[in-house]
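Residues take their numbers from the sequence shown, with the count starting at 1. Below, each value reflects all heavy atoms present in this structure, side chains not excepted, and no hydrogens, waters or symmetry copies.
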Amino acid sequence: MARIVRPEQYAAKRAQILNTAQRLMLSKGYECMSIQDILEEVRISRGAFHHYFASREALLEAFIKQVKEESGTPLRQLIDDPKLSAREKFQGFFDTLDRLRMERKAEVVRIGRVWYSDSNAVVRLRVTEAIARQRAQLLNEIVRQGIQEGSFVAAYPDNAGEVIVTLLQGMGDRHAELLFALDQTRDNDQHLIEEIVTTHAVYMDAIERVLGVPPHTFYRTNAEGVQLWVEAIRENNQQEDPGHAP
C-alpha cells in the first residue's frame, strides 16, 4: 500500500531538497553538483527525489522560480502601491534591491566568486535571463505610469524596461568584477572605491537619459556605501584564510 504524504509534509520535504540544492549550487557550482550530492545531504533515495522533482532540469527550474519570487514579490508590492509616483517607484525599485542585498550581505559575499565561476555559467545565464524578463516587465509598468504623469519621456516605453535591465546587469557585473579583484593589501582600496562610485554614476546617467529625466534624479552610490562591501569581502577573505592579511 502506497504511503500517504500530507500536503504540508510534501511541501516541507520539497523545500528541503530545493534549499539543499541551492546551497550546493552556490557553494560548489551547478556543474559540479550531482543528484547524488543532494541525496546524501537530505538522506533520501533516488526514487524519493524523483517523487518531488522529475529531473535535474526540473530542480533547476524550481530554483529559478524561487529566485524570481524572492525579489519579485517585494517589487510587485512596490509597483502596486497607488500612493507612489512613478519617480518614487523607480527609486524604490533600486532601494528594494539594495535592501535585499544588504539583508544577505555576508551570504552574497560568500557565494559571489562561486556564482561568477565557470561551474555556474549555465545556471547564472538561466537565472539572469529569467530575472531580466521579470524586471523588464515591472519597469515597463513604472515607465508607462511616468509617461502618463508627465515625469518620464521615453520614445519606446514598451522597450525601456529591457534597456534599463541590460544597463543594470552591466553595472552589476562590473561592480562584482572590481570587488572580487581585491588583493591582499589595502593599497588600492581608495582607487577601487572611486572606480565603483564612478561606474555607478555612469550607468545611472545612462538610465536617466533613457527616461528623459534631469541628471541626478535618482540616487548615486557613494564611497561610504561601497566601503561596507569592501569590508565585508575582506572579512570573508579573513574567515576563509586566517593567514590572509587584514
Side-chain angles (χ1 to χ4, degrees), residues 11-12 14-30 32-33 37-38 41-42 59-79 89 91-117 119-135 138-139 165 168-182 192-193 196-197 199-200 203 219-241 244:
R14 187 179 186 276
Q16 182 188 10
I17 295 171
L18 182 57
N19 291 335
T20 298
Q22 177 173 331
R23 181 171 54 78
L24 290 170
M25 280 186 229
L26 299 178
S27 61
K28 64 190 301 183
Y30 178 74
C32 297
M33 180 196 75
D37 291 330
I38 300 171
E41 289 272 348
V42 184
L59 182 64
L60 177 57
E61 289 293 339
F63 167 71
I64 293 172
K65 181 180 179 181
Q66 180 169 282
V67 172
K68 288 174 60 179
E69 289 175 350
E70 286 176 353
S71 64
T73 299
L75 291 173
R76 181 76 265 171
Q77 293 171 346
L78 170 78
I79 292 170
K89 290 180 181 180
Q91 183 59 62
F93 190 95
F94 296 126
D95 293 343
T96 298
L97 295 180
D98 286 343
R99 175 177 56 80
L100 293 173
R101 283 190 289 266
M102 288 299 294
E103 288 175 352
R104 304 172 62 177
K105 181 172 61 176
E107 180 183 359
V108 170
V109 169
R110 187 174 65 253
I111 68 176
R113 285 190 175 89
V114 176
W115 180 247
Y116 280 95
S117 69
S119 62
N120 263 331
V122 172
V123 67
R124 188 173 66 251
L125 177 62
R126 296 276 296 276
V127 169
T128 298
E129 290 177 343
I131 290 293
R133 288 192 296 270
Q134 178 194 48
R135 292 181 181 174
L138 295 174
L139 286 168
V165 167
L168 291 174
Q169 289 176 343
M171 178 171 65
D173 288 345
R174 180 56 179 157
H175 283 171
E177 178 185 353
L178 290 168
L179 285 168
F180 290 115
L182 282 170
L192 180 141
I193 290 171
I196 291 176
V197 170
T199 299
H200 189 273
Y203 276 94
Y219 169 79
R220 265 82 164 149
T221 193
N222 53 39
E224 290 75 16
V226 177
Q227 183 66 39
L228 293 175
W229 288 97
V230 171
E231 292 173 354
I233 290 174
R234 291 206 178 282
E235 181 180 349
N236 180 73
N237 290 344
Q238 181 67 18
Q239 291 174 351
E240 292 181 348
D241 179 9
H244 194 89

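The pair Glu235-Lys105 does not meet the salt-bridge criterion, since no charged nitrogen lies less than 4.0 angstrom from a carboxylate oxygen. Between Glu61 and Lys65 there is no salt bridge, since none of the side-chain N atoms of the basic residue sits less than 4.0 Å from a carboxylate O of the acidic one. Salt bridge absent: Glu231 and Arg234 never bring a charged side-chain N and a carboxylate O closer than 4.0 Å.
Scanning all heavy atoms of the two residues, the minimum distance from Lys68 to Ala130 falls at CD-CB, 3.9 Å. The heavy-atom pair separating Met102 from Leu228 by the smallest distance is CE-CD1, 4.1 Å. Considering all non-hydrogen atoms of both residues, Gly29 and Val114 come closest at N-CG1, 3.8 Å. Contact between Gln134 and Ser71 at its shortest, heavy atoms only, is OE1-OG, 4.1 Å. Smallest separation of non-hydrogen atoms from Ile79 and Lys89: O-NZ, 2.7 Å. Shortest non-hydrogen contact noted between Glu69 and Pro74 is O-CD, 4.3 Å.
Within the 4.5 Å cutoff, the side chain of Arg135 has no heavy atoms near those of the Gln169 side chain. Here the side chains of Arg110 and Glu107 are in contact, with some heavy-atom distance below 4.5 Å. Proximity of Asp173 to Tyr116: side-chain heavy atoms (C-beta onward) are separated by under 4.5 Å at one or more points. For the pair Phe63/Leu59, no side-chain contact is recorded, criterion being any heavy-atom separation below 4.5 Å from C-beta on. Residues Val109 and Ile233 form a side-chain contact, since some pair of their non-hydrogen atoms from C-beta on lies under 4.5 Å apart. With a 4.5 Å cut-off on side-chain heavy atoms, Val197 and Arg220 do not count as touching. Side-chain atoms of Leu97 and Leu75, non-hydrogen and from C-beta on, do get closer than 4.5 Å to each other. For the pair Glu41 and Ile38, the minimum side-chain heavy-atom distance is 4.5 Å or more.
Residue Asn222 holds its CG atom at 11.0 Å from CD of Gln227, rounded to the nearest 0.5 Å. Interatomic distance, Ile196 CD1 to Leu178 CG, rounded to the nearest 0.5 Å: 5.0 Å. Interatomic distance, CG of Leu179 versus CD1 of Ile193, reported as 9.0 Å (0.5 Å rounding). Here Thr128 contributes atom OG1 and Arg133 contributes atom CZ; the two are 10.5 Å apart, rounded to the nearest 0.5 Å. The line from CD of Gln91 to CG of Asp98 is 8.5 Å long, rounded to the nearest 0.5 Å. How far CD1 of Ile64 is from CG of Leu60: 4.0 Å, rounded to the nearest 0.5 Å.
Checked by atom type and distance alone, the side chain of Ser27 pairs as donor or acceptor with a backbone atom of Leu24 at under 3.5 Å. Proximity of a side-chain donor or acceptor of Asn236 to a complementary backbone N or O of Ala106 within less than 3.5 Å is not detected. Proximity of a side-chain donor or acceptor of Gln16 to a complementary backbone N or O of Val42 within less than 3.5 Å is not detected.
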Could you go through Val127 and Trp115, starting from their C-alpha distance and side-chain angles, then the distance that decides it, and tell me whether this counts as side chain to side chain contact (heavy atoms under 4.5 Å, CB included)? CA-CA 11 Å; Val127 169; Trp115 180 247; 3.9 Å; yes

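Between His175 and His200, the ring planes lie parallel to each other; the angle is under 30°, not in the 30° to 60° tilted range.
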